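Predicted model only: the values in this text are computed from it and were never measured.
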Amino acid sequence: MSSIPHAPSPMIRARGLAKAYDRLVAVDHIDLDVAPGEVYGFLGPNGAGKTTTIRMLVGMMKPTSGTVEIDGIDIAKNHIEAKSRIGFVPDRPYIYEKLTAMEFLHFVGGLFRMETSDIVRRGQELLELFTIDHVANELVSGFSHGMRQRLIMASAFLHRPKLIVVDEPMVGLDPRGMKLVKNLFREQARTGTTIFMSTHTLDIVEEVCDRVAIIHNGRIIATGTMEELRSEAGHSDRLEEIFLRLTDTEDMPDVAGVVNG
């Protein structure tokens, strides 16, 4: 009797995830399943609940209700083990400016109990990958915003996490840096790493994401592949049109009339 292979467990599994501040409901009982090796786009208007959701997924914020499992581990019950599987790039990263780039990577590697020799070897590889190896021993205080973003990216990949969670990955990056990150995400996904990405750069989502979820007013209003979203939105070709239609965004003002009037 032949056995039917089981589908792999989700890398991210959220059930009934909610966050409320008094009477304000920021995230309203959402469910998420993100598979291993998937590049998953998480979209929504400003104030929709994206960053709050991300902070709960990575264990930075306790939900009002609901559960989050990372690689089958309940993050509330075993947060150290769950967080060891996550590399996180926040929307507003902070780096202590009196550290050099390599010192910062040593600090991050120490948090994940990496061996010093591994930090050095892996750190050098990542600094070269993100083309900031020439400033490895320079203070972060002299870095541009784009260089800091590259360093934060390098630190997120340092401990070889199974899951990379990125909030606005392209902010501050030039076109070359954006292309590097896009290629890196796809390559990492091919090796089994899951990428969970929140961004307003919709063409990046179209180019690299396998599936997309759209959150609006704290609720997931659509999820699926680009083809599935096109079908749900009425066969629009561009993600921007799909996004605007599904979130019922108000019409844009007549910019030309304002400028020329």
Side-chain angles (χ1 to χ4, degrees), residues 6-94 111-112 156 159 161-169 185 189 192-200 205 209-225 228-229 232 242-243 246-249:
H6 294 287
S9 300
M11 182 56 61
I12 300 175
R13 177 183 172 88
R15 289 292 179 270
L17 196 61
K19 185 66 178 180
Y21 304 93
D22 296 325
R23 296 182 179 180
L24 173 64
V25 178
V27 177
D28 192 3
H29 299 86
I30 67 172
D31 297 338
L32 281 172
D33 285 292
V34 183
E38 186 171 29
V39 182
Y40 195 92
F42 192 56
L43 311 180
N46 290 334
K50 299 187 301 298
T51 296
T52 300
T53 299
I54 285 175
R55 288 175 178 170
M56 290 190 288
L57 293 180
V58 301
M60 290 181 62
M61 178 184 291
K62 289 185 179 181
T64 303
S65 61
T67 59
V68 174
E69 292 182 1
I70 303 297
D71 198 20
I73 301 167
D74 189 319
I75 200 166
K77 296 178 180 177
N78 195 345
H79 65 280
I80 293 178
E81 188 66 23
K83 287 181 179 181
S84 71
R85 287 158 165 74
I86 303 171
F88 178 45
V89 181
D91 58 336
R92 296 179 181 176
Y94 175 79
L111 296 177
F112 291 100
H159 62 291
K162 292 185 175 182
L163 167 65
I164 296 288
V165 178
V166 196
D167 198 354
E168 291 297 343
F185 284 174
T193 302
T194 303
I195 309 293
F196 185 93
M197 175 175 61
S198 173
T199 181
H200 287 112
V205 175
C209 289
D210 300 305
R211 285 194 303 143
V212 175
I214 298 177
I215 185 171
H216 187 43
N217 294 328
R219 296 181 178 181
I220 301 291
I221 60 169
T223 183
T225 64
E228 290 167 341
L229 292 181
E232 185 168 347
I242 296 171
F243 177 83
L246 292 178
T247 56
D248 195 24
T249 302

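Results of the side chain to side chain contact (heavy atoms under 4.5 Å, CB included) test with K50 over T199, I215, V27 single out I215 as the only residue that passes. Paired with F42 under the rule side chain to side chain contact (heavy atoms under 4.5 Å, CB included), one option of V205, L57, I220 passes, and it is I220.
With sequence neighbours left out, Y40 forms a ring pair (Phe, Tyr, Trp, His ring centres under 6.0 Å) with F196. Every side chain to side chain contact (heavy atoms under 4.5 Å, CB included) that D210 has, sequence neighbours left out, goes to E38, V39, R186. D167 is linked by a side chain to side chain contact (heavy atoms under 4.5 Å, CB included) to T51, I54, D91, S198, counting only residues two or more places apart in sequence or in another chain. The side-chain hydrogen bond (donor to acceptor under 3.5 Å, both in side chains) test applied to D71 returns R85, K162, not counting sequence neighbours. By the side-chain hydrogen bond (donor to acceptor under 3.5 Å, both in side chains) test, T193 is found to be paired with Q188, residues two or more places apart in sequence or in another chain being considered. Residues satisfying the ring pair (Phe, Tyr, Trp, His ring centres under 6.0 Å) test with H29, not counting sequence neighbours, are none. Not counting sequence neighbours, the partners of H200 by the side-chain hydrogen bond (donor to acceptor under 3.5 Å, both in side chains) test are N46, E168. With sequence neighbours left out, the side chain to side chain contact (heavy atoms under 4.5 Å, CB included) criterion links M61 to K19, Y21, T52, R55, M56. Under the side chain to side chain contact (heavy atoms under 4.5 Å, CB included) criterion, D28 pairs with V25, R219, not counting sequence neighbours.
When all heavy atoms of G218 and I30 are compared, the closest pair comes out as O-CG2, 3.4 Å. Scanning both residues, G66 and P63, for their nearest heavy atoms gives O-CG, 4.0 Å. The minimum heavy-atom distance between V89 and A156, with the atom names listed, is CG2-CB, 3.6 Å. Closest of all the heavy-atom pairs between I75 and A82 is CG1-CB, 3.7 Å.
The line from CG of D33 to OG of S9 is 10.0 Å long, rounded to the nearest 0.5 Å. Rounded to the nearest 0.5 Å, atoms CD1 (I70) and NZ (K83) are 11.0 Å apart. One distance of note links CD1 of I73 with NE2 of H79; it measures 12.5 Å at 0.5 Å rounding.
A heavy-atom distance below 4.5 Å is found between the side chains of M197 and C209. You'll find the side chain of I86 reaches within 4.5 Å of the side chain of V165, heavy atoms only. Residues V166 and F185 meet the side-chain proximity criterion, which asks for heavy atoms closer than 4.5 Å. Side-chain atoms of I214 and T223, non-hydrogen and from C-beta on, never get closer than 4.5 Å to each other. M60 has its side chain within reach of F88: a pair of non-hydrogen atoms, C-beta onward, lies under 4.5 Å apart. Side-chain atoms of L32 and L17, non-hydrogen and from C-beta on, never get closer than 4.5 Å to each other. At a threshold of 4.5 Å between non-hydrogen side-chain atoms, the residues F243 and P45 count as touching. Side-chain contact between V212 and L43 is present, with heavy atoms from C-beta onward closer than 4.5 Å.
Using a distance-only test at 3.5 Å, with no hydrogens or angles considered, no donor-acceptor pair links the side chain of E81 to the main chain of N78. Without hydrogens or angle criteria, H216 side chain to T247 main chain gives a donor-acceptor distance under 3.5 Å.
Heavy-atom neighbours of I80 CD1 from other residues, nucleotides or ligands within 6.0 Å: at or below the threshold of 12.
The residues D74 and R13 are annotated as not salt-bridged, no charged nitrogen and carboxylate oxygen being separated by less than 4.0 angstrom.
Among pairs with a residue in residues 51-73, none fulfils ring pair (Phe, Tyr, Trp, His ring centres under 6.0 Å), at least two apart in sequence or across chains.
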